[in-house]
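Only a predicted model underlies this, so the values are computations on that prediction, with no experimental measurement involved. Only heavy atoms go into these numbers, but all of them, side chains included; no hydrogens, no water, no symmetry mates.
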Amino acid sequence: MIEARKKKPETTTALSGDGSVSASVAFSVYLVSGLFLAVGFWVAHNVYAVDLVSDPYRTLRLIWSIEFPVVAIVYSLFRQKPDECSYWRAAARSIIGLVTGALVNALGAIVLGAPVGLQYLWKTINWSLLMSVFTFVPAAAVFGASWADWHRMFSCMKPTSNRDYMITVPAYGAIIGAWFGAWPMPLDWERPWQEWPISVSYGAIGGYIAGKLVSLVLIIFKKRHLNAKLD
């Protein structure tokens with residue numbers, strides 16, 4: 001008598017058996033997210049005839065609203081424990097991460113000197129949502145509410161896998177870029193791009209892109225280092 005074997009339900013995941021991510025997969029993720037970031041700028045410039053200098057509120061809203069679904073969809077593929085967490089649950093966690101991250105980024109910006117007032121409210125909200133897409137959404141989709149993983153990566157700065165590099169390095173790049181972007185704001189240059197949050201947004205986007213490149217280099221270097229140890 002042949003016994004029927006129960007098959008485990010297949011899960012959608014982009015991870016290999018040991019939880020690592022190949023350099024080619026990481027490059028594909030960065031390429032897709034980078035292209036949609038460019039699409040946001042293209043739509044703002046060519047469809048609505050605005051940019052960060054002329055209308056930062058509308059431009060930031062377009063960029064984050066186009067970039068967020070892509071980041072949520074892609075990073076949900078790399079979720080931790082895919083047998084226990086469905087793809088759609090990971091995608092839903094990214095929405096919570098978007099809102100939570102926006103609140104944290106907005107409060108952090110205000111504490112560090114961002115202007116407060118009704119004329120800056122929607123600019124700050126949309127800048128915070130964009131920063132949340134860069135910093136909180138990937139980690140929320142992958143780790144959910146796992147405090148141990150959040151603490152390990154962002155407080156202790158101890159990434160242990162290529163997936164961790166894909167989350168932490170671009171996030172830190174965006175934060176550092178925003179910090180450098182804030183430097184020209186108090187200077188007496190009387191340039192329109194010195195207004196909040198224009199230069200900070202340019203800095204965050206530039207740092208985010210640079211972080212992706214650095215993390216890709218780290219992933220490639222780590223792979224070569226492991227191969228050299230095996231040899």
Side-chain angles (χ1 to χ4, degrees), residues 10-41 63-64 66-87 90-91 93-94 97-98 101 130-144 146 148-178 180 203-231:
E10 295 182 358
T11 55
T12 304
T13 178
L15 296 174
S16 61
D18 58 355
S20 64
V21 181
S22 67
S24 61
V25 170
F27 175 77
S28 299
V29 170
Y30 294 160
L31 181 62
V32 170
S33 60
L35 285 175
F36 275 86
L37 193 62
V39 168
F41 277 100
I63 294 172
W64 79 255
I66 291 174
E67 182 75 357
F68 166 66
V70 178
V71 173
I73 289 170
V74 171
Y75 276 88
S76 294
L77 296 171
F78 303 96
R79 64 195 180 280
Q80 189 169 245
K81 299 179 180 179
D83 293 333
E84 300 176 9
C85 175
S86 69
Y87 176 84
R93 293 188 313 201
S94 66
L98 175 69
L130 180 63
M131 286 296 294
S132 183
V133 173
F134 292 162
T135 56
F136 271 67
V137 172
V142 173
F143 297 113
S146 176
D149 289 299
W150 284 78
H151 184 266
R152 171 178 58 81
M153 292 197 304
F154 292 106
S155 295
C156 300
M157 291 184 288
K158 293 181 179 180
T160 58
S161 66
N162 292 346
R163 178 179 59 187
D164 292 353
Y165 286 125
M166 291 174 62
I167 296 172
T168 56
V169 182
Y172 276 114
I175 295 170
I176 295 171
F180 276 105
I205 294 169
Y208 180 64
I209 295 172
K212 287 178 176 292
L213 296 175
V214 171
S215 66
L216 186 60
V217 171
L218 291 173
I219 290 171
I220 295 173
F221 176 80
K222 182 180 178 182
K223 180 180 179 181
R224 292 182 177 178
H225 180 68
L226 289 175
N227 289 339
K229 288 180 66 176
L230 292 174
D231 293 340

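Side-chain polar atoms of Thr168 and Asp164 form no donor-acceptor pair below 3.5 angstrom.
Scanning both residues, Pro159 and Arg152, for their nearest heavy atoms gives CA-NH1, 3.9 Å.
Between the Glu67 side chain and the Leu37 main chain, a donor and an acceptor come within less than 3.5 Å of each other. Panel note: side chain Tyr87, backbone Ile73; a donor-acceptor pair is recorded below 3.5 Å. Of the possible donor and acceptor atoms, none in the side chain of Arg79 sits under 3.5 Å from a partner among the backbone N and O of Ala141.
With values rounded to the nearest 0.5 angstrom, Leu31 atom CG is found 10.5 Å from Phe36 atom CZ. In this structure, OH on Tyr208 lies 11.5 Å from CG on Leu213, to the nearest 0.5 angstrom. Here the OH atom belonging to Tyr30 is positioned 11.5 Å from the OG atom belonging to Ser28, to the nearest 0.5 angstrom. With values rounded to the nearest 0.5 angstrom, Leu216 atom CG is found 10.0 Å from Ser24 atom OG. Taking CZ from Phe143 and CD1 from Ile167, the interatomic distance works out to 4.5 Å, rounded to the nearest 0.5 Å. Atom-to-atom distance recorded for Phe78:CZ and Arg163:CZ is 9.5 Å, nearest 0.5 angstrom.
Contact check for Phe41 versus Ile205: side-chain heavy atoms found under the 4.5 Å cut-off. Using a 4.5 Å heavy-atom cutoff, the side chains of Ser161 and Val21 are not in contact. Counting heavy atoms from C-beta on, the side chains of Leu98 and Trp64 come closer than 4.5 Å.
Annotation: ring pair (Phe, Tyr, Trp, His ring centres under 6.0 Å) contacts of Phe154 (sequence neighbours excluded): Trp150. The side-chain hydrogen bond (donor to acceptor under 3.5 Å, both in side chains) test applied to Tyr75 returns no partner, not counting sequence neighbours.
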Q) What do the steps show when you test Val70 against Val32 for side-chain contact (heavy atoms from CB on, under 4.5 Å), and what is the final call? A) CA-CA 8 Å; Val70 178; Val32 170; 3.7 Å; yes

